[in-house]
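Chain naming here is simple, since letters A, B, ... match the order of the sequence lines and numbering starts at 1 in each. This one's a predicted model, so the numbers in the text were calculated from it and none came from an experiment.
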2 protein chains.
Amino acid sequence: MTDSDKNTEKTILLSARKIFTIKGFDGARMQEIADDAGINKALLHYYYRTKDKLFEAVFKEVLNLIFPKIISILQSPIPVFEKIEKISLTYIEMLKQNPDLAIFVFHEISRNPRRLVENFRNAGIDFEIIRSQISLEAARGIIVPIKAEHLITNLISMCVFPFIAKPVLKGMMGMDEEAFQQFIEERKSVIPHTLILSLTPDK
Amino acid sequence: MTDSDKNTEKTILLSARKIFTIKGFDGARMQEIADDAGINKALLHYYYRTKDKLFEAVFKEVLNLIFPKIISILQSPIPVFEKIEKISLTYIEMLKQNPDLAIFVFHEISRNPRRLVENFRNAGIDFEIIRSQISLEAARGIIVPIKAEHLITNLISMCVFPFIAKPVLKGMMGMDEEAFQQFIEERKSVIPHTLILSLTPDK
DNA sequence: TCTACTTTTGACCACCTGGTTAAACTATTT
DNA sequence: AAATAGTTTAACCAGGTGGTCAAAAGTAGA
């Protein structure tokens, strides 16, 4: 049945993402994924022939979750400050709803950097666009001059890092889960606030 | 001999850190570590009984590389702005000289969060000190009010994240290795600059 | 040289892993 | 109801893994 097909397939993909995220590619066991999906191990190989193929399927699904929104914001014709605000909001909200995404992607960074970079390229991010916008607004005195590389890195760092380092931050600063969620929610405004203050001319 | 003892032991530790960092705990093979150290696999188990023990030895070594400097800065009696500058400088320089540290620590975050948090606690970081300093300086009008959690998170995020996401950043922004090193060097001043601007009152 | 010791090695093993296979089950079509 | 095609399973396998062990090689003192 096409219906139960997609059900089983989706169930597998969901369990796979879960296990791959928690354990990493090498730590993940096909058996564990099968158990989590409530199916036989051989069925995994029936739908996704190998562990690699299964991982790749999960990976692509994850990328589609991450890129489209961010790219459309980055390339929309709005001022830099507005982009900063929108990206902070969108990025953090997305990570809040899929807290394991950051860890999953990071695992893949150290496992297979090339492929990830290729996917980034194919995703259609044109860094020149944002670079020229920043220098343009700087020339017009709207923002303080800054290299696009640093601004974007600052923005992404502050959005993503807390999700990667979550256990450490919670432990270090003595937050429980609720406090951490509150903390993350606050960052939606703290991050743009920080960056925009640092970029506003005329001190 | 105590001398060749320590040589072999150190060689093992070095190779272990290398392999563990590249492959993660699960991906690392005892055989590969032995090969890299130029010794027999059984010798690994002679010095460090199990894979876990070996990892733990590497882990402690890494922690000792990271913490002491940062902690002494955090708890020294200097203004917040100065702390921001010194930590950026020290942290980035340390990561520049040991670029794989960040990845190693992160791997451990997702493998065994509890132990890492415990080590952080035992390292003697007293978050209350920095918290009270920030609220004190804010009350005196030296800095804009901000939650210590956010300031510290911003600082650490911007310092550490580029080392974790290095391949992606290089690919996305079209940097070669030399350009990336230059980029990292610049961040020693960009990060404190960004934060201090955002914290300076009286706009 | 002999002895007691630590260090190093090759051979080995029990176990686990990803992957296969052939058979059983289900549903759809004729 | 028979044939066909797609789905699910239990049993199995070859290869790789961490870990062991007994013996060899090296070392130092008497």
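Between B:F180 and B:F183, the angle of the ring planes lies from 30° to 60°, which puts this pair in the tilted group.
Per the geometry, OH belonging to B:Y48 stands 14 Å off C1' belonging to C:dT7, to the nearest Å. Regarding A:I12, its CD1 atom lies at a distance of 10 Å from the P atom of D:dT9, rounded to whole Å. Rounded to an integer number of Å, the gap from CG of B:N40 to P of D:dG18 is 14 Å. Computed from coordinates, the B:K53 NZ to D:dG19 P distance equals 11 Å when rounded to whole Å. Atom-to-atom, CZ of A:F55 to P of C:dG19 comes out at 14 Å; the value is rounded to the nearest Å. At whole-Å resolution of the value, CG in B:L44 and P in C:dT7 are 15 Å apart. Spacing between atom CD of B:E32 and atom C1' of D:dG19 amounts to 18 Å, rounded to whole angstrom units. Atom-to-atom, OH of A:Y46 to P of D:dG6 comes out at 7 Å; the value is rounded to the nearest Å.
For the pair A:A42 and A:M30, both in contact range of DNA chain C, the more 5′-proximal nearest nucleotide belongs to A:M30.
No close placement of the B:F20 and B:F104 rings is indicated, their centers lying 6.0 Å or farther apart.
Scanning atom types as modelled, no donor and acceptor separated by under 3.5 angstrom connect the side chain of B:K51 and the base of D:dG19.
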Quiz item: After noting the C-alpha distance and the side-chain angles of B:E178 and B:Q182, does the key distance pass the side-chain hydrogen bond (donor to acceptor under 3.5 Å, both in side chains) rule?
Solution: CA-CA 6 Å; B:E178 196 193 334; B:Q182 172 65 22; over 6 Å; no

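If you check every strand for non-hydrogen atoms under 4.0 Å, A:A34 touches nothing.
Note on A:E93 versus A:K96: no salt bridge recorded, every NZ/NE/NH1/NH2 to OD/OE distance being 4.0 Å or above.
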